[in-house]
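This chain uses plain numbering: 1 for the first residue, then up along the sequence. The figures here come from the full heavy-atom set of this structure, side chains too, leaving out hydrogens, waters and symmetry mates. Start at 1 and go down the list; that is how both ligands and their atoms are numbered.
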Amino acid sequence: MSGASSGPVVVTTAADLREACSRLLREADAPLPSLGLVPTMGALHAGHAGLASAARAGNDVVVASIFVNPLQFGDHMDLERYPRTLDADLELLGRCGVDLVFVPSAAEMYPGGAPQVRIQSGPLADKFEGAARPGHFDGMLTVVAKLLHAALPAVEARYAAYFGQKDAQQLVLIRRMVSDLNFPVTIVAVPTVRANDGLALSSRNRFLSAAERNAALVLPRALKLLEERAARHEALDPDSVLDMLASERLVTLDYLEIVDPATLEPLAFNCRHVPFTGSALAVIAARVGPVRLIDNVRLGGEWAP
Ligand code: PAF
């Protein structure tokens with residue numbers, strides 16, 4: 001276990017994590033203390049700071065994890081290329097007031113090698129990111145299940161875990177796993193953080209050239225247009241938005257869909273040419289240069305807390 005005087009304590013084993021969580025919860029001086037977990041893969045940015053700050057505001061003890069999970073990468077090269085910035089990550093987490101950071105090795109997380117028994121993400125994962133990245137969501141849910149168990153308070157406490165709204169399908173699947181399999185944790189969704197130019201923050205944005213980044217701004221522009229039409233109860237007319245996306249030659253659109261926020265089922269006809277009412281989620285994914293970008297915006301309704 002290690003910790004700089006002002007930074008968070010770093011633990012690398014599940015046993016140390018459990019012990020440190022219990023100690024901090026006992027020291028919390030609250031009748032029913034609370035623990036907030038922020039799972040990450042590192043390469044942290046202001047979006048992660050938003051997760052950590054939300055966890056800090058709502059809990060007595062805040063734990064973050066940093067683990068680049070090999071199970072959720074299909075392409076070995078993508079895993080190798082994933083940025084690793086541990087020192088800067090610990091500094092950011094320290095600034096957000098995180099108490100404890102769990103930084104396990106792959107051997108600690110998967111002592112027997114790749115696990116034979118995994119969480120199966122089911123039909124919700126058949127489309128969108130799941131279709132583009134086969135096996136990704138099984139790997140993601142498997143590691144999230146392990147992290148939720150690893151940080152599960154061993155003393156009586158409230159327990160919440162924080163995830164970004166930017167990864168909308170991931171969030172829906174985690175909520176579904178927690179409810180279908182009775183995990184004793186509350187899932188808290190935290191709003192997407194955007195750069196000043198509107199691009200949703202992502203650890204992969206650093207791989208965009210200046211021209212690609214400029215082209216990528218068509219994604220948030222497209223979503224904003226849909227959001228404004230929904231707010232004015234106009235027809236969403238996604239075809240006009242598709243034309244706008246097609247005009248950006250550095251951007252190859254994978255999908256733009258208007259879906260039910262809970263089931264991710266396409267809401268085909270409520271939205272095309274009749275005035276928009278109700279509540280939906282617009283999800284988008286595109287390849288821009290070497291990077292696959294995803295984003296989404298809620299139409300006509302708030303995210304569930
Ligand atoms: O969103 C991420 O960073 C990852 O998918 C998560 C939830 C930390 C699991 O590895």
Self-check item: Ion pair check, Asp16 and Arg23, cut-off under 4.0 Å
Solution: no

Self-check item: Side-chain cluster (under 4.5 Å, hydrophobic types only) that Met77 belongs to, other residues
Solution: none

Quiz item: Under the 3.5 angstrom rule, does the side chain of Asp197 hit a backbone N or O of Leu217 as a donor-acceptor pair?
Solution: no

Quiz item: Out of Arg292, Arg287, Arg133, which one pairs with Asp254 under the salt bridge (Lys or Arg N to Asp or Glu O under 4.0 Å) rule?
Solution: Arg292

Self-check item: Arg229 side-chain N/O to Leu236 backbone N/O, donor-acceptor pair under 3.5 Å
Solution: yes

Quiz item: In terms of side-chain heavy atoms, does Asn69 have a donor or acceptor partner in Tyr110 at a distance below 3.5 Å?
Solution: yes

Quiz item: Name the residues in contact with ligand 1, where contact means a heavy atom under 4.0 Å away: which are they?
Solution: Pro39, Thr40, Met41, Gln72, Met140, Val143, Val144, Phe163, Gln170

